[in-house]
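Quick caveat: nothing in here was measured; it's all calculated off a predicted structure. As the structure lists them, so they are numbered: ligands from 1, and atoms in each ligand from 1. We number each residue from 1, following the sequence as shown.
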Amino acid sequence: MQFEHAHGFRPQVPMMLQAEWPAALKGWQDLEARPVEAANPDGSRQLVGMLSRRSTFERALRGAAEMQSGLTLRAGHVEELVVERGRVTGARVDGALVEADLVVDASGRAGRLGRSRASGDTRDLDGDCGLAYVDRTYRLRPGAEPGPMSSPIAYVAEFDGYQCLVFLHEAGHFSVVVVRPTADAALKDLRLETAFEAACRAIPALAEWTHPDRSQPTSPVLVGGALRNVYRRQAGTPGLVAVGDSVATTTPTRGRGIAMACMQVTALLGLLDEGADPVAVAEPFGAWCDRAIEPWVADHIAIDGGMVRRWQGEGLDLNVPLTSDLIADAVQADPRIGEHAGGYFAMTALPETLRPAEPLARAVYLSGWRPAYAPGPTRDELVDVIRATEPAA
Ligand SMILES: Cc1cc2nc3c(=O)[nH]c(=O)nc-3n(C[C@H](O)[C@H](O)[C@H](O)COP(=O)(O)OP(=O)(O)OC[C@H]3O[C@@H](n4cnc5c(N)ncnc54)[C@H](O)[C@@H]3O)c2cc1C
């Protein structure tokens, strides 16, 4: 269940709740979720995320929904959508009909309702991201300080052949994630507790976070499911609208999924508030998703493919357009790129806004500059660390 896996929350999430459902935001903060701000160059402060476990977020939303007047909660399995004269008029839930003016398909990445919707629109996107991951949750001991961070909400670092992330959550909880190419079978054993612990000891930043004096594990090592980058257009059936992962899923490595779902909620409610007909709202909403959501999925497909190839030893190909992660990385060598990158990092401007900086980034890479790996074992050295934990044959 993804709700137990590591999650980071971008500012779009608390901002949407503040605007649309303040009781849920309050409930989240009552469960100790903490907003994080950072200083802007002009000295003003800006919200950059929320520290929380995903399960805490879910508890807060559920609690607020239970208290919401006018809302009836029913738990059950939606077996099928009910269609009458070309219009969705409800859903069959555990055998019973639930009628609706508008059915919202929020069935997520594995929802079957969405699958029947997307009957082969050739403009849809779908690609295996080529990445696999394991993660584990921990909690800081009373009084212990967090370990190294690379941003106010997380530690994210690229190594020679793999990637590590640490998400700080509420009340000293945190998650450690190790991402590898799916094809790299030798790193698969990181799913074993002894191997994962040895890897954490060998990677300096993770060693600091997970040192027994600082923290203790609160879960076994969790193995992530198959990760795909998917964009599905609206089905076009009146009375039905899809939102969230049912529209778009991206590799979790950039923590975009819930932010994209919240951006969709804001857009959908905005259309309805402006008077859009609920039965037909999927059409303007779908057009908005094509403009504002699809580019993030396309961006991920490009980024992930290049990242996996580089982790597997391929050199940087300067004969093709640079992907946005490479353009953004080059800001370390040419600060002018930063003028184009802020909106991209914050997801307040589409990936295309980075394009004007591509020639600057290209010049950086042509000069021979490459982003430095974080201090720690290479992939081959990490394989040795893992093998050393295996019992002798
Ligand atoms: C391992 C992992 C890590 C992630 N990390 C991050 C992160 O750091 N930051 C971030 O922003 N995003 C992250 N994401 C993405 C994020 O989890 C999703 O974008 C988000 O959960 C989408 O919400 P949703 O409500 O659309 O779908 P979901 O959260 O998947 O909810 C869909 C629900 O519908 C239910 N359902 C499906 N079919 C039916 C049916 N027929 N009847 C009844 N119920 C049904 C499912 O059981 C599920 O409970 C991560 C995802 C994964 C897998």
Side-chain angles (χ1 to χ4, degrees), residues 1-17 24 33 48-59 61-62 65 73-82 90-96 98 103-117 129 131-137 151 153-156 163 165-169 173-179 219 221-232 240-265 268 289 293 296-297 300 346-347:
M1 177 57 85
Q2 79 205 43
F3 302 152
E4 298 305 326
H5 284 289
H7 273 70
F9 292 87
R10 288 174 174 267
Q12 283 86 349
V13 184
M15 284 161 71
M16 184 280 283
L17 291 180
V48 292
M50 197 83 172
L51 302 186
S52 172
R53 285 171 294 169
R54 174 68 193 261
S55 53
T56 304
F57 177 65
E58 292 299 323
R59 270 209 314 283
L61 296 196
R62 176 78 193 194
L73 289 181
R74 276 183 61 168
H77 180 73
V78 179
E79 287 149 0
E80 61 176 1
L81 300 174
V82 177
R92 198 163 303 283
V93 184
D94 292 331
V98 179
V103 172
V104 179
D105 170 9
S107 58
R109 60 181 58 213
R112 294 285 167 261
L113 300 171
R115 300 300 171 271
S116 57
R117 255 184 337 104
C129 70
L131 299 167
Y133 65 97
V134 288
D135 58 352
R136 192 177 196 190
T137 58
S151 80
I153 56 169
Y155 168 82
V156 181
Q163 187 186 43
L165 303 93
V166 179
F167 289 110
L168 185 57
H169 308 304
H173 291 279
F174 66 93
S175 305
V176 173
V177 189
V178 184
V179 188
S219 79
V221 180
L222 305 168
V223 180
L227 299 175
R228 303 192 74 80
N229 289 304
V230 176
Y231 180 73
R232 292 189 205 94
L240 174 68
V241 67
V243 294
D245 272 20
S246 192
V247 172
T249 66
T250 50
T251 317
T253 44
R254 284 166 196 260
R256 288 175 174 168
I258 304 178
M260 289 198 302
C262 289
M263 288 153 63
Q264 292 176 50
V265 168
L268 181 58
C289 288
I293 298 296
W296 293 107
V297 179
H300 251 286
M347 286 185 82

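Once rounded to the nearest 0.5 Å, the distance linking CZ of Arg232 with SG of Cys289 reads 12.5 Å. Interatomic distance, His169 NE2 to His7 NE2, rounded to the nearest 0.5 Å: 9.5 Å.
Residue contact check: Gly255 has heavy atoms under 4.0 Å from atoms 7 (C), 8 (O), 9 (N), 10 (C), 11 (O) of ligand 1. If you number the atoms of ligand 1 from 1 as listed, the ones under 4.0 Å from a heavy atom of Arg54 come out as 16 (C), 17 (O), 20 (C), 21 (O), 29 (O). Less than 4.0 angstrom separates some heavy atom of Gly244 from each of these atoms of ligand 1: 26 (O). Set against the non-hydrogen atoms of Tyr133, the atoms of ligand 1 under 4.0 Å away are 1 (C), 2 (C). Distances below 4.0 Å separate heavy atoms of His5 from the following atoms of ligand 1: 1 (C).
Using a 4.0 angstrom heavy-atom cutoff, Glu79 does not count as in contact with ligand 1. Using 4.0 Å as the threshold, Gly8 has a heavy atom nearer than that to some atom of ligand 1. Heavy atoms of Phe9 come nearer than 4.0 angstrom to ligand 1 in no pair at all.
For Ile258, a nitrogen or oxygen atom sits less than 3.5 Å from a nitrogen or oxygen atom of ligand 1, counting backbone and side chain alike. Backbone and side-chain nitrogen or oxygen atoms of Phe167 are examined, and none is located within less than 3.5 angstrom of a nitrogen or oxygen of ligand 1. Taking only nitrogen or oxygen atoms, main chain and side chain alike, Ser246 does not reach within less than 3.5 Å of ligand 1.
Relative to atom 37 (C) of ligand 1, the option among Ser107, Pro252, Ala154 with the closest non-hydrogen atom is Ser107. Selection from Ala75, Ala106, Ser175, Gly76 by nearest heavy atom to atom 25 (O) of ligand 1 gives Ala106.
Side-chain atoms of Val243 and Asp105, non-hydrogen and from C-beta on, never get closer than 4.5 Å to each other. By the 4.5 Å heavy-atom criterion applied to side chains, Thr137 and Arg53 are not counted as neighbours.
The residues Glu80 and Arg92 are annotated as salt-bridged, a charged nitrogen and a carboxylate oxygen being separated by less than 4.0 angstrom. Taking a cutoff of 4.0 Å between a charged side-chain nitrogen and a carboxylate oxygen, Arg62 and Glu58 do not qualify as a salt bridge.
Closest non-hydrogen pair, Arg228 versus Thr249, comes out as O-OG1, 3.1 Å.
By the 6.0 Å contact criterion, CE on Met347 is enclosed, its count of non-hydrogen atoms from other residues, nucleotides or ligands being greater than 12.
Ring planes of Phe9 and Phe57: tilted class, angle from 30 to 60°.
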